[in-house]
A.B. asks: 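Here it is, the structure, as structure tokens.
If you read the sequence from its start, that first residue is 1, and numbering goes on from there. Start at 1 and go down the list; that is how both ligands and their atoms are numbered. Hydrogens, waters and symmetry mates are skipped; everything else that's a heavy atom, side chains included, is used.
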Amino acid sequence: MNQKFANDIQSGLSATQKSIPYIYFYNERGSWLFQQIMQLPEYYLTACEICILDTYKGKLLEYFQAKKKGFNLVDLGAGDASKTKILLQDYVEKGVPFTYTPVDLSTSILSALSESLDAAYPDLKHQAMNKEYWDAMEILKDNTPKSERKVVLFLGANIGNFTYEESVDFLTTLKSYLNPGDQVLIGFDLKKRPEIIYKAYLDSKGITAAFNLNLLHRINQELGGNFKPNYFRFYPYYNPQTGELRSHLVSQKDQTVTIDALNMEVKFEQWESIHTEISKKHTIKEIESLATAAGFTIKEHFLDNKAYFVDTLLEI
Ligand SMILES: C[S@@+](CC[C@H](N)C(=O)[O-])C[C@H]1O[C@@H](n2cnc3c(N)ncnc32)[C@H](O)[C@@H]1O
């Protein structure tokens, strides 16, 4: 049994506002469902970030190579790296000296990624790390030669899982593992017409709903729970003031769920919710204040042609 998963579920489902941490989305089925989400036309984030990386891969390379001999591209929460591969393809073709280090908690997605890298880019130096972000950064901190820059990628609006304060904490911690001259490229989803944001999550095929309900299946499988996922409804809502889209699983009836491994009974009142995720949307002004608060300098904002999304390059 994964003890941290057990502890987090126990405390999350005992709180007044019940919650399940978003990091537990990504078991094998969850990672597969997220790949399906990325292909949905209404999930505009993917197409926007592809447009940015494709348009600016050359400009980014100039930054990555400035004043250093080489770089280690550290991809935090790499997933299937489908977007990062735009950079990898271009840099391998150009014979650029660099190492690629994808970091992800999900074992299944990372081993599929390593296989696909070996097949597509036999000359690419890569080293997958099946670890939590900070465990990986701790190892990389002393492993990277001073002549080489660390370029940390945090793509796909992963940072949107944090509130503003949590993002400042995240960046401050990240900075503690970096050296002067190291860089960070972060994908932020921007505020836009609320209907567009809402539709990206309440998708027509119900895949985002399945992705959220998969958390209940996971508790059943790994902790001996008896959740009936069809007694819950996925409900996302967007607050244009805070820019937070918050996802919930709402109980459709009064019910009691037992979780054997935790020796726990969880009571739900009708319409009570389990909070699963924040997907925060930003403004450029907010991104700049965030970077400054964490002690980074902004090198450049790279926007897609609709200005829906930005990849911001930071340096320390
Ligand atoms: C939203 S997906 C993004 C994937 C990719 N970066 C992209 O842009 O398509 C988030 C990924 O981050 C991983 N992840 C989430 N929290 C993590 C953590 N604390 N440590 C390591 N990996 C994490 C998940 O397993 C998942 O594969």
A.B. asks: Below 4.0 Å from any atom of ligand 1, which residues have a heavy atom? Give them in chain and number order, please.
C.D. replies: I23, Y26, F34, M38, G77, A78, G79, K83, D104, L105, S106, K131, E132, Y133, L155, G156, N158
A.B. asks: Walk me through it: do K199 and E42 pass the test salt bridge (charged side-chain N to carboxylate O under 4.0 Å, His left out)?
C.D. replies: CA-CA 6 Å; K199 265 199 192 157; E42 55 267 60; over 6 Å; no
A.B. asks: Where does the angle between the aromatic ring planes of F71 and F98 fall among parallel (under 30°), tilted (30 to 60°) and perpendicular (over 60°)?
C.D. replies: parallel
A.B. asks: Is any side-chain heavy atom of S31 closer than 4.5 Å to a side-chain heavy atom of Q35?
C.D. replies: no
A.B. asks: Using the test side-chain contact (heavy atoms from CB on, under 4.5 Å), find all partners of L202 that sit at least two apart in sequence or belong to another chain.
C.D. replies: Y198, F234, P236
A.B. asks: Tell me if the NZ atom of K94 is crowded by more than 12 foreign heavy atoms within 6.0 Å.
C.D. replies: yes
A.B. asks: Does any donor atom in the side chain of E277 or N212 lie under 3.5 Å from an acceptor atom in the other side chain?
C.D. replies: no
